[in-house]
Every structure is written in structure tokens, then in C-alpha cells.
Amino acid sequence: MPISLYNSLTRHTELFAPSDPARVTMYLCGPTVYNYVHIGNARGPVVFDVLARLLRRHYPHVVYARNITDVEDKINAAALKEGVPITTITDRYTQAYRDDMAGLGIAPPDIEPHATAHIGEIIAMIETLITSGHAYAAEGHVLFDVESYAAYGALSGRDTEELIAGARVEIAPYKKNPADFVLWKPSTPELAGWESPWGRGRPGWHIECSAMCAAQLGETIDIHAGGVDLLFPHHENEIAQSTCAHGGKVFARWWMHNGMLTFDGRKMSKSLGNVLLVHELLKLHPPEALRLLLLRGHYRQPLDWSDNAIAQAISTLDGWYRVLRDLEDVELPSGKLPVPARMESALCDDLNTPQALAELSQLADHARQIGTADAKAALIGGGALLGLLQQSPELWFKRGESTIDEAHVEDLLLQRRDARAERNFARADAIRDELTRLGIVIEDNAQGTRWSVVKS
RNA sequence: GGCCUGGUGGCAGAGUGGUCAUGCAGCGGCCUGCAAAGCCGCGUACGCCGGUUCGAUUCCGACCUAGGCCUCCA
């Protein structure tokens, strides 16, 4: 089944064809590790995790890189504030990031390149840019000369002239042109820095992605992804640097951008302060519901985060896991899980996860109604395409490590069973009310009584 | 001001030139000691105004409105 993907560069959905089907390359701009990430930061990783899974079913060898930017001024600021080396900060938050991503069911990327491990490549790329007339050194800085690259602005639909005319950035005196951006900047002794032909310094913001892409994936990659807020200037600058450093070679063939997560209708962002940390959310809610919520909207649209939306996602998963719990004794057919065609086709259509979720609901209905091994396998197999429904129903309904005293619950259920047997329904209902107070919901059926922890 | 997206039923959110999205919630019925779950059924949704069309939520134009980028940002 062919895959179509929207390409921000052409502004059209195009049939995806890698330049080398034997090695598909994809790069996602990862975090700058100076703090915990918020749930908006997790949208791209979740969405492109689904894309990576899709690509892996179509191509034998996919190389997916998601970088760690571990040198940046905010890291320096955090390190100075705590009075520790930057690696203390970057190590801490790199690990926190990995934990957060794993919590959301995101498979680790094939490669996790670190900016500080590519300083040599960064310096070499800057030297190439200077030699080829695309960059210049001034006062310990090296700047990219925007006028040297005619196609500058092509990705973001910007006009270089206007950028120059309307530049709101403070114009540093050493810039030839206000729109020029920094490739290398000097470090004072207390700041992290590396020796370079321009003195001791550190890389500018955009160059590390260009260097890591080239070093890890090659000069031309198939897919470059990130949040739409990175489109300008970050990705525009990456294109300029990489294209000029590689003699005009295409840098990334597909550019993919996820929409912003909003909260109260506004973009969730650190500068606005309206953020919810993944680290915290994972403790408050079932992680799978957070993942489902991030996939409920199309990746290019804005998606609004709310407690109500979390509750809806939990209810939806409750329904699906109920089906699986009812089919617990049905043995899955041996071998690999099936790939439901309708879900696959929804994802092949520019990653239409809402459509895929609608299909998953159909699969759940079907499994509930006919209860066969194949139907159960289709439901779990369909969930796997999105990274959902992969845990046991017990685990889902127990809501992870809960504080519920299971022995006490079982005891109350026995008492209620006896009360019902004596047709003492007042007593039975009182026990049920007691369980409700404990956060337990129960269901009577032919086999007995089943309980689950109420949604949180 | 420039560039770019959106405005769909109570909420979330796909999609389509003319029969169904889907999920959550709600209502009625069956089932149940009562619930829960399940099953059956229900609600005249497509910002506003024009235009094209036999027919527009879907195409075109204007308008209103929300948001994103233009500065760090996923």
C-alpha cells in the first residue's frame, strides 16, 4: 500500500518514495535538555513514532534519528544557576526525556545523536561554508550569509528582502545583513566551549542539526520532521547551511511538521507558562490515555489539551480493554499480529490517525460481537499500529501500581455475594457504595463480579 | 503589517459535490433484585453572505472569527 505524506516544502501531499528503499532515513528535531519536557513537546515524538512504525512495515531498513541538543544557552544558564557542569544538567534531563518518551509508549529511535559529540563535524561544516563563500567570521562569531543562498526562505514562504527590511531581531554590529544567523559564537571562560579556528566558542542554534544529519544519515535524507514552530527560522536555516555545505545537494526530500498542542486555546509553550510536564502527567493519568489523546487529532492540526479530553480518552480505552478482558481466554493465533488493512490505509493517507482510531473502534465492536481469535488478533494488531492496546486488560483496569487494597476489595465482594444470595439487597447495595467510595466500580455477570479502578 | 492554518452536532474530531464518520456524554427501550457492562433505537452538525452547479458542509469570492510563524519554542 503506497504511503502519501504532506510535504511542507511543496505544500502538497505526495506519494512517498525514498531515494534508497534499502535505507530510509528520517530525522526528528529532539529536545534541548535543560528541563523536563511538556506534553506539547511529546506530540511530535508520538506522531513520528507512528510514522516510523509505518515505514518499518514498508521498508526493510529504516534509520530514524532523534537528536539531543546538549549545548545551548539555556543549558548554560541552568548550569550556572546550580553551580554544576553542563553535563550534570544535560545528563539529568536527557535521561528524564528518555523516561518520559518511554512512558508514552514511544519506541527509542535507532540513533540518538548528541550535539556535543559532533563538535568536530560542526566546525568542519562551518569551515566549508566559509571556504565556499556562504559564511564569514567576525569578532569571534561566524555568520551565515543569507544573501549567498538565493533559495533562502523557500520553505517558510518568506522573502529575503522583507526579512532584511522588517528584521525585528536586534542587529548585531558584526552582521553584514540583519537576517544573517550565527553558526559559531565565542564563549567566555565560565561557559562551555571548544577550541576552534575562531577561538574558544560554541555552536549556534541551527548548525548542530545539519551536522548530525549529515554525519548520521547522509547529505540527503528522506524525511526531516519537527514542530511547525520550527519551520522558521530553524528549518529554513538548516536547509541553507546543509545545502550550501553540500554543494547544492537537496538536504531533506520531505519536510513534515506537526501542529501545536494548545491549552485553553493557546499554544502550550514555556514562554507562556501554560505547560503540563509529561513527567507529572504520567503520574496523574494512565499513560496510554495520554498517547491516545495525542493521536486523536490529525498531526497537522492544532490539538487542544484538557482534562475533559483525558477523561474521554480513558473511557474509550476502557471500552476497548473490556473487549479484550472478555476475550482473555481466547488464544491468539500463533505468528505475527495481523495488520488490519483499513487501519493501514488510513495511516498511509498522510498519517490519518483519527480515521485509524475510528477503524480501531470498528475492530473492537467486531471482536466484542463475534469473539473469535482472529477478531481479537485484529484488534490487538490494529492497536499495535498506533502503539495502543499492548498491555494486559488487568493492568489497564488496575491503573498501574495502585494504592488499592485488593484483599479488602475481594473481602467486600464476598460479603456482597453472600448478601445477595440472602436477597439482602440493602446490604449488598451498601457494600457497593462502600466500594464506590474506595474508587472501585463493579460489574456483575454470569461468572461472578468483576471490579476495576475508576478512571482518574 | 507579511506569510500560513483553521471555524463541523453537548464535547472531541475525521471526511465528502448528492446514502454512515468515529469516540465521549445524553435520551428511550431490552437485560439486571437494583446497578454496571452489553444490545437495539434516537438527536434535522457543517461560521456568515454571495457565486458556480440539477444539487455545496465539501469548489470559488468577500466578510467575520480563532490560532500559528515572523524573537526562544515541539
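Residue numbers begin at 1 in each chain, while the letters A, B, ... track the order of the sequences.
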Report, one pair per line, the protein and nucleotides 38-41 of chain B atoms (nitrogen or oxygen only) whose separation is under 3.5 Å.
residue : atom : partner : partner atom : Å
B:G38   : O3'  : A:R368  : NE           : 3.4
B:C39   : OP1  : A:R368  : NE           : 2.9

Rounded to whole Å, please give me the gap between [atom1] in [X] and [atom2] in [N].
| X | N | atom1 | atom2 | answer |
| --- | --- | --- | --- | --- |
| A:I442 | B:A37 | CD1 | P | 12 Å |
| A:I75 | B:C72 | CD1 | P | 16 Å |
| A:L294 | B:A74 | CG | C1' | 11 Å |

- Task: Under the salt bridge (charged side-chain N to carboxylate O under 4.0 Å, His left out) rule, collect the residues that match up with A:D73, sequence neighbours excluded.
- Result: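 For A:D73, the residues satisfying salt bridge (charged side-chain N to carboxylate O under 4.0 Å, His left out) (neighbours in sequence not counted) are A:K185, A:R202.
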- Message: Please enumerate all residues that pass salt bridge (charged side-chain N to carboxylate O under 4.0 Å, His left out) together with A:D429, with sequence neighbours excluded.
- Response: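 Counting only residues at least two positions away or on another chain, A:D429 forms a salt bridge (charged side-chain N to carboxylate O under 4.0 Å, His left out) with A:R432.
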- Please work out which residues in residues 297-305 of chain A have a non-hydrogen atom less than 4.0 Å from an atom of RNA chain B and list them by number.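 Heavy-atom cutoff 4.0 Å gives A:G297, A:H298, A:Q301, A:L303, A:D304.
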Check nucleotides 31-34 of chain B for protein N or O atoms closer than 3.5 Å to its own N or O atoms and list the pairs.
residue : atom : partner : partner atom : Å
B:G33   : O6   : A:R420  : NE           : 3.2
B:G33   : N1   : A:D429  : OD1          : 3.0
B:G33   : N2   : A:D429  : OD1          : 3.3
B:G33   : N2   : A:D429  : OD2          : 2.6
B:C34   : O2   : A:R432  : NH1          : 3.4
B:C34   : O2   : A:R432  : NH2          : 2.3
B:C34   : N3   : A:R432  : NH1          : 3.1
B:C34   : N4   : A:D444  : OD2          : 3.2

- Any chance the side chains of A:S4 and A:D349 put a donor and an acceptor closer than 3.5 Å?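 Side chains of A:S4 and A:D349: no pair found under 3.5 Å.
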- Is there any salt bridge (charged side-chain N to carboxylate O under 4.0 Å, His left out) pair reaching into residues 87-96 of chain A, and which pairs are they, with sequence neighbours excluded?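 Every pair satisfying salt bridge (charged side-chain N to carboxylate O under 4.0 Å, His left out) with a residue in residues 87-96 of chain A: A:E82-A:R92.
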- Item | Inter- and intrachain pairs under salt bridge (charged side-chain N to carboxylate O under 4.0 Å, His left out), touching residues 256-275 of chain A, at least two apart |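 Qualifying pairs: A:D229-A:K267.
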- Qualifying residues under side-chain contact (heavy atoms from CB on, under 4.5 Å), relative to A:A214, sequence neighbours excluded: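 Partners of A:A214 by the side-chain contact (heavy atoms from CB on, under 4.5 Å) criterion, ordered by chain and then number, come out as A:M125, A:H246.
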- Query: What residue pairs, at least two apart or across chains, pass side chain to side chain donor-acceptor pair (under 3.5 Å) with a residue in residues 374-390 of chain A?
  - Reply: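 Every pair satisfying side chain to side chain donor-acceptor pair (under 3.5 Å) with a residue in residues 374-390 of chain A: there are none.
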- Query: Restricting to pairs with a member in residues 345-399 of chain A, which pass ring-ring contact (aromatic ring centres under 6.0 Å, His included), not counting sequence neighbours?
  - Reply: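 Listed by first then second residue: A:Y321-A:W396.
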Could you go through nucleotides 26-29 of chain B and list every protein N or O atom that sits under 3.5 Å from one of its N or O atoms, giving the distance for each pair?
none

- Canonical and wobble pairing (Watson-Crick, G-U, under 3.5 Å) of RNA chain B, dot-bracket with |: (((((((..(((.....[...))).(((((.......)))))....(.(((..]....))).))))))))....
